[in-house]
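The structure appears below as structure tokens.
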Amino acid sequence: MRTKLNCQLTFYLLGLAFLAAACSAPSPASPSSVTENAPQNGSAPAQVATAVAAPTSISVVTDPEKTIQNVLAASLKAPAYRTNIIITSADSVSEMNAEVILPDRFHITSKRKDKTSEMIVADGKTYTKTNATWVESTQDMSGLTSGFASAIGEDTTISDVKFVKPDVVNGKPALVYSFNSLYKSGDIQVDTATMMWVDPLNGLPIKMVEDSVFSGSKSHIERTIEYDPSISIEAPKL
């Protein structure tokens, strides 16, 4: 099944590019498989099925593949959000905290090996903080975010979609799905096994665990997402 997995993959590649530019590229790691022991399709309890029928009508238990299509489509129009991402590679653990306004505004703070870097992508330009001062970066990330989202979906295939179980994230009900994805374009290939927690009320992902292979490097990624339409991201004053 081909679908637009672009938001998550765009942000993932942007993050890896930023980490590589700021802290040197991560090394391969041996990821744990998140789908190896995942339960097969099942029936959710009645109260969960009722929640799923709420505002967005994502009826997922009976058709996990269609549900994930809907969730990924909804992600393209998601309100502004905050996300925490922990990327584990062979030699280090990197943490990213970001505010995101799709499709092309990002404020990212990254920490790897006790080195902290900060970046803003806004108004078609990229800015980095150096010695507490914002400067316009010579390594512009805006092109990666602005045209990449629409193009990447056509080259991404997801498969083996399964409903795993109902769960709770930060006190809120969630539905858990697993699936594999393959992005391939030219010499670039990203293979990912994903476990995704979906808010049944708005049909948006609130937590993800991913094991990815990107350009021969393996990464284990854990991510939480909090939606907040009040977030504002502007270019810094230089």
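As the structure is a computational prediction, the values presented were derived from the model and not from experiment.
By the 4.5 Å heavy-atom criterion applied to side chains, M96 and S94 are not counted as neighbours. For the pair D160/K162, a side-chain contact is recorded, criterion being any heavy-atom separation below 4.5 Å from C-beta on. Side-chain contact between S217 and S89 is absent, with no heavy atoms from C-beta onward closer than 4.5 Å. Contact annotation: the side chain of D211 never approaches that of K218 to less than 4.5 Å [non-hydrogen atoms, C-beta and beyond]. At a threshold of 4.5 Å between non-hydrogen side-chain atoms, the residues K113 and K115 do not count as touching. I206 has its side chain within reach of Y227: a pair of non-hydrogen atoms, C-beta onward, lies under 4.5 Å apart. The shortest distance between side-chain heavy atoms of T116 and K129 does not fall below 4.5 Å. L238 is listed as a side-chain neighbour of Y127, based on a closest heavy-atom distance under 4.5 Å.
The CZ atom of F106 lies 8.0 Å from the CE atom of M119; values are rounded to the nearest 0.5 Å. Between I120 atom CD1 and E99 atom CD the span is 9.5 Å, to the nearest 0.5 Å. The NZ atom of K172 lies 9.0 Å from the CG atom of L201; values are rounded to the nearest 0.5 Å. One distance of note links CE of M208 with CH2 of W197; it measures 10.0 Å at 0.5 Å rounding. Between the CD1 atom of I68 and the CG atom of D63 there is a distance of 10.5 Å, given to the nearest 0.5 Å. Note that CD1 of I87 is 9.0 Å distant from CD of E210, once rounded to the nearest 0.5 Å.
D191 meets the side-chain hydrogen bond (donor to acceptor under 3.5 Å, both in side chains) test with Q189; sequence neighbours excluded.
A salt bridge links D228 with R82: the distance from a Lys NZ or Arg NE/NH1/NH2 to an Asp or Glu carboxylate oxygen falls below 4.0 Å. Between E222 and K207, no side-chain nitrogen of the basic residue sits less than 4.0 Å from a carboxylate oxygen of the acidic one, so the salt-bridge criterion is not met.
Between the side chain of D123 and the backbone N or O of K125 there is no donor-acceptor pair closer than 3.5 Å. Between the side chain of T194 and the main chain of N180, no donor-acceptor pair closer than 3.5 Å is present.
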**Prompt:** After noting the C-alpha distance and the side-chain angles of T128 and S117, does the key distance pass the side chain to side chain contact (heavy atoms under 4.5 Å, CB included) rule?
**Reply:** CA-CA 8 Å; T128 58; S117 303; over 6 Å; no
**Prompt:** Between E65 and F179, does a side chain to side chain contact (heavy atoms under 4.5 Å, CB included) hold up when you go through it step by step?
**Reply:** CA-CA 9 Å; E65 185 171 303; F179 58 90; over 6 Å; no
**Prompt:** D104 and V121: side chain to side chain contact (heavy atoms under 4.5 Å, CB included), yes or no, with the steps?
**Reply:** CA-CA 7 Å; D104 55 7; V121 178; 5.6 Å; no
**Request:** Go through the steps to decide whether S92 and R112 satisfy the test side chain to side chain donor-acceptor pair (under 3.5 Å), and finish with yes or no.
**Result:** CA-CA 7 Å; S92 68; R112 181 172 183 259; 3.0 Å; yes
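For the pair G203 and A74, the tightest heavy-atom approach, listed with the atom from each and the gap, is O-CB, 3.9 Å. Nearest approach of P79 to P229, heavy atoms of both residues: CB-CG, 4.1 Å. Here the closest heavy-atom approach between residue I233 and residue V100 is recorded as CD1-N, 4.0 Å. Across all their heavy atoms, P200 and L175 have their closest contact at CB-CD1, 4.2 Å. The two atoms that bring Y81 and I225 nearest to each other are CD1-CG2, 3.6 Å, heavy atoms only. Summarising the geometry of V176 relative to F163, their closest heavy-atom pair is O-CD1, 3.6 Å, with the distance given to 0.1 Å.
V164 and V169 fall within a single hydrophobic cluster, where Ile, Leu, Val, Met, Phe, Trp and Tyr are joined by side-chain heavy atoms under 4.5 Å apart, directly or via other members. The hydrophobic cluster containing L204 also contains V209, counting ILVMFWY residues as joined when their side-chain heavy atoms lie under 4.5 angstrom apart, directly or transitively.
The number of heavy-atom neighbours closer than 6.0 Å to CG of N170, taken from other residues, nucleotides and ligands shown, is 12 or below.
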